[in-house]
Amino acid sequence: MDSLVLDVKGLKRRFGQGEGVVEAVRGIDLQLAPGEIVLIMGPSGSGKTTLLSMLGPLLRPSAGSIRLCGIEITALTEHDLPALRAERIGFIFQDFNLMPSLTARENVEVSLNVAGVRGAEARQRAEHLLRELELGHRLDFLPGKLSGGENQRVAIARALANDPDLVLADEPTANLDSGIGREVMRRLREIAKQRGQSVLIVSHDDRIREFVDRVLWLEDGLFKSTRALVRDPVCGMEIDPAEARGHMRVGEVDSWFCCQGCLEEFRASRESAPAFRP
């Protein structure tokens, strides 16, 4: 069995021909492990949307390989791709993309229907997911009656409805204020980790960093090095030391933490309290 959810090698995408050719993605390698949450950042025009579209798979690459749980996506026919997208990939969009005439529950049920799950089973699974996302009191509300954060949580439930191996999120917090965006990301991370689902996020929002395991910087169609990251010894999340919520030195070893809770858990595990500086 393939141990990687996503294994991308030498991925390229060109647009145009001759002197007008544009290389949007120029030979990318990328691997995602089960349950891993990765954030791809970069300036506008760096190739983020093109990359996400190829991983979708909504756009054919010009060259390279994309394997999803051992399945070579680039070898599939157009006839095979819809079923793969419905059953193995969940999508979260910047603008939610909910059907305005359907309730929150019905929007999630539609995703299940596309994958062949119907009737009482679809209804029960949709309700269960929405309750997990603390929307049990909004099951029969139309999107127009929900807040931005609630609509995004409905969109997350829809993306997770068919237990996909991979969730692709395009600017999931762009239309949300800071507090709501943090809560949406916290819930997405929590549920994805519980289910062992891999999540790939494309965003300009630097606040998302604290909720992911790894950050990649995409520029001019290639991954480039970012500032050195460190790993929280409690939760395993990679963080920028400059943005850490806590720091502790034990002897000559420094540790940084993504949140106060991880710091306190680490401190409690020590026999004696070492020096600490925030």
Side-chain angles (χ1 to χ4, degrees), residues 48-50 52-59 68 78-192 194-195 197-205 208 211:
K48 299 189 303 297
T49 299
T50 300
L52 208 65
S53 296
M54 288 190 288
L55 299 179
L58 302 170
L59 180 68
L68 177 63
E78 292 298 327
H79 179 267
D80 295 326
L81 291 177
L84 179 128
R85 284 192 289 263
E87 297 169 7
R88 290 184 172 271
I89 302 174
F91 296 88
I92 302 172
F93 303 96
Q94 175 178 342
D95 297 321
F96 317 136
N97 281 15
L98 300 176
M99 297 183 184
S101 61
L102 300 183
T103 65
R105 183 184 60 246
E106 290 168 341
N107 265 284
V108 180
E109 284 186 63
V110 166
S111 180
L112 288 157
N113 295 162
V114 170
V117 182
R118 303 181 184 280
E121 182 181 356
R123 182 185 181 92
Q124 291 168 4
R125 283 171 62 171
E127 289 187 3
H128 176 74
L129 257 175
L130 289 167
R131 292 184 193 283
E132 272 195 275
L133 287 158
E134 300 176 0
L135 288 173
H137 60 307
R138 293 285 193 266
L139 296 176
D140 296 317
F141 280 61
L142 296 174
K145 298 295 183 181
L146 299 175
S147 68
E150 288 171 336
N151 274 319
Q152 192 60 294
R153 280 184 280 160
V154 174
I156 290 173
R158 179 185 59 190
L160 299 177
N162 292 309
D163 289 325
D165 301 294
L166 175 66
V167 176
L168 301 175
D170 185 7
E171 298 285 2
T173 60
N175 292 325
L176 307 175
D177 66 32
S178 178
I180 294 174
R182 285 177 57 85
E183 177 60 19
V184 165
M185 286 305 306
R186 183 187 70 80
R187 293 298 295 154
L188 174 59
R189 177 181 172 84
E190 185 177 279
I191 292 176
Q194 288 173 353
R195 292 164 169 253
Q197 292 165 321
S198 301
V199 182
L200 184 66
I201 303 167
V202 165
S203 181
H204 290 93
D205 190 350
I208 293 177
F211 298 99

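- The stretch residues 137-149 participates, sequence neighbours left out, in these salt bridge (Lys or Arg N to Asp or Glu O under 4.0 Å) pairs: R105-D140, R138-E150.
- Note on residues 87-99: pairs passing salt bridge (Lys or Arg N to Asp or Glu O under 4.0 Å), not counting sequence neighbours, are R88-D165.
- Side-chain contact check for V110 versus R158: every heavy-atom pair is 4.5 Å or farther apart.
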| request: Step by step, work out the side-chain contact (heavy atoms from CB on, under 4.5 Å) result for I180 and V184. | output: CA-CA 6 Å; I180 294 174; V184 165; 4.3 Å; yes
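- Counting heavy atoms from C-beta outward, P82 and V114 have side chains that stay 4.5 Å or more apart.
- Expressed to the nearest 0.5 Å, how far CG of N97 lies from CG of N151 amounts to 11.0 Å.
- Distance check, rounded to the nearest 0.5 Å: CG of L68 to CG of L55 gives 9.5 Å.
- Nearest heavy-atom pair across F96 and A155 is O-CB, 4.0 Å.
- Here the options are V154, T103, N107, the test is side chain to side chain contact (heavy atoms under 4.5 Å, CB included), and the partner is P143; only N107 passes.
- We find the CZ-CG distance between F91 and L52 to be 8.0 Å, quoted to the nearest 0.5 Å.
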| request: With side-chain contact (heavy atoms from CB on, under 4.5 Å) as the test, would you mind laying out the steps for R182 and L176 before giving the verdict? | output: CA-CA 9 Å; R182 285 177 57 85; L176 307 175; over 6 Å; no
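- The main-chain N or O of E109 is never found under 3.5 Å from a side-chain atom of R123 such that the two would form a donor-acceptor pair.
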| query | Yes or no on side-chain contact (heavy atoms from CB on, under 4.5 Å) for R153 and E183, after CA distance, side-chain angles and deciding distance? | reply | CA-CA 10 Å; R153 280 184 280 160; E183 177 60 19; 5.6 Å; no
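- Residue L112 comes nearest to A126 through the heavy atom pair CD1-N, 4.0 Å, listed as atom of the first residue, atom of the second, then distance.
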| task | Give the intermediate values and the outcome of side-chain contact (heavy atoms from CB on, under 4.5 Å) for residues Q152 and N175. | result | CA-CA 9 Å; Q152 192 60 294; N175 292 325; over 6 Å; no
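- Across all their heavy atoms, L84 and P57 have their closest contact at CD2-CD, 3.9 Å.
- Looking at every heavy atom in both residues, V199 comes nearest to A192 through CG2-CB, 3.7 Å.
- Distance CG/D170 to CZ/F93: 8.0 Å, rounded to 0.5 Å.
- In this structure, H137 places its NE2 atom where more than 12 heavy-atom neighbours from other residues, nucleotides or ligands lie under 6.0 Å away.
- No more than 12 heavy atoms of other residues, nucleotides or ligands shown are found within 6.0 angstrom of NE2 on H128.
- Annotation for A86 and N162: closest pair O-ND2, 3.2 Å, computed over non-hydrogen atoms.
- Here the side chains of L146 and L135 are not in contact, with every heavy-atom distance at 4.5 Å or above.
- Separating the CG atom in L168 from the CD1 atom in I89 is a distance of 6.0 Å, to the nearest 0.5 Å.
- Among all heavy-atom pairs drawn from A122 and N113, the shortest one is CB-ND2, 4.0 Å.
- Here the CD atom belonging to E106 is positioned 10.5 Å from the CE atom belonging to M99, to the nearest 0.5 angstrom.
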